[in-house]
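In what follows, a single structure is set out as structure tokens and then discussed.
We name chains A, B, ... by the order of the sequence lines, and we start the count at 1 in each one.
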Number of protein chains: 2
Amino acid sequence: MAALQLFAQEGYHATSTSKVARAAGVSEGLIFRHFKNKEGLMQAILDEGESRFKSLFADIVLETEPKEVIRKTITILHKVDVSEYDFWKLQFKLKWELEINGDKKMEPLKMALVHAFSKLAYESPEQEADLLLVFIDGIASAMLKGSQLDADKLIPFLLKKYDL
Amino acid sequence: MAALQLFAQEGYHATSTSKVARAAGVSEGLIFRHFKNKEGLMQAILDEGESRFKSLFADIVLETEPKEVIRKTITILHKVDVSEYDFWKLQFKLKWELEINGDKKMEPLKMALVHAFSKLAYESPEQEADLLLVFIDGIASAMLKGSQLDADKLIPFLLKKYDL
DNA sequence: AACAATTAAGTAAGTACTCACGTTTAATAA
DNA sequence: TTATTAAACGTGAGTACTTACTTAATTGTT
């Protein structure tokens, strides 16, 4: 649905069900028939987010070559298309607005990274993994917020730091 | 004011002026006398945020020793007290909810970092600065969101990476 | 008395949500 | 093929309540 766009632009609480209905070109009642709640509508979007997260990570988690795990993690942002920005922006926005903890979704990725850094004999694999994840999250945030940050220079720069 | 706490907990749009008034123990009308708008109330909080940002950075920007600039940047989070978490959480929350660009506030810090990395003969001072700022922002975000992330291990780990 | 600080009681517009009603779809019975 | 039927789809007007904001009256201070 195109309701997503509204949520992404204005946020959850600022987007009324009547606005969503108008934007989607349907009656307001239909939303409640279909999703029961405003919360249900949002939950549907959140669920979609979780599955997109998983398919984004799938490629990395299955990788066995440790250097590839790291390389794919750093370049993961290249795998999301500009047309999906609204969607991802909403995911980040909701994490703040509704205080949803996103740690759980990242856990498989973190484990893969810890494993990879261990194999490469890094001194503190867990910290290395945390650091890299903070970085990915940070760049994604900056991009989606429309920051000035030049991700296209930063990502190659990072790859170099990890000898990739 | 203690209105801040409400904004920080629930967000801007989810916090009504009547709630704020009740929490602050004053009449609702007084808020509008004093701040004119709900937006004015928030702007006051935002302004306070900007000044706290500045005083937090002041120490770093004035530093001449390049290594100290980097060290102080990494350990800047140690300078904010737990009692101020609500305040900072709100600043981060509003950046997402109201799409406020925070780049400008960071610019003096970034310039200090670029300068420091240049003096230390790093290859890409600007990228180094960006990277470090993304880290700081990311760690702060994680802490304020109540993530599991162990910042007390990550910060010393980072210091080590920069030979500090 | 004069003047600012504060309030209680409004207001119109919006909010999430319900419900009685019509319409389309699709499977079965003739 | 048609006719019947039942569910799913969809609507629009209504609900009780909340929203940001106003204003006339009341309080406190000098």
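The interatomic distance linking K36(B) (NZ) with dC21(D) (P) rounds to 10 Å, in whole Å. At whole-Å resolution of the value, CD1 in I31(B) and P in dA5(C) are 16 Å apart. Atom CZ of F32(B) is separated from atom C1' of dG10(C) by 14 Å (rounded to the nearest Å). Distance H34(A) NE2 to dT18(C) C1': 18 Å, rounded to the nearest Å. Atom CD in E10(B) sits about 11 Å away from atom P in dT19(D), given to the nearest Å. Remark: P of dC21(D) and CD of E39(B) are 9 Å apart, rounded to the nearest angstrom. The distance from atom NE2 of H13(B) to atom C1' of dT18(D) is 15 Å, rounded to the nearest whole Å. Across the protein-nucleic acid pair, R22(A) atom CZ and dG10(D) atom P stand 19 Å apart, rounded to whole Å.
You'll find the side chain of K79(B) reaches within 4.5 Å of the side chain of D59(B), heavy atoms only.
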F53(B) vs W88(B), ring pair (Phe, Tyr, Trp, His ring centres under 6.0 Å): CA-CA, chis, key distance, verdict: CA-CA 10 Å; F53(B) 251 101; W88(B) 290 109; 5.2 Å; yes
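Tested against L132(B), the residues I70(B), D137(B), L109(B) include a single side-chain contact (heavy atoms from CB on, under 4.5 Å) partner, I70(B).
If you check every strand for non-hydrogen atoms under 4.0 Å, S16(A) touches sugar and phosphate atoms only.
Of the candidates dC21(D), dA20(D), dT18(C), dC21(D) carries the atom nearest the N37(B) side chain, counting heavy atoms from C-beta on.
Side chain to side chain, T17(B) and E28(B) meet the donor-acceptor criterion of an N or O pair below 3.5 Å.
Comparing K38(A) and S27(B) along DNA chain C, the residue whose closest nucleotide (by nearest heavy atom) sits nearer the 5' end is S27(B). Comparing R33(A) and Y12(A), the nucleotide of DNA chain C nearest to each residue sits closer to the 5' end for Y12(A).
For S18(B) and dT19(D), the shortest distance from a side-chain N or O to OP1 or OP2 is below 4.0 Å.
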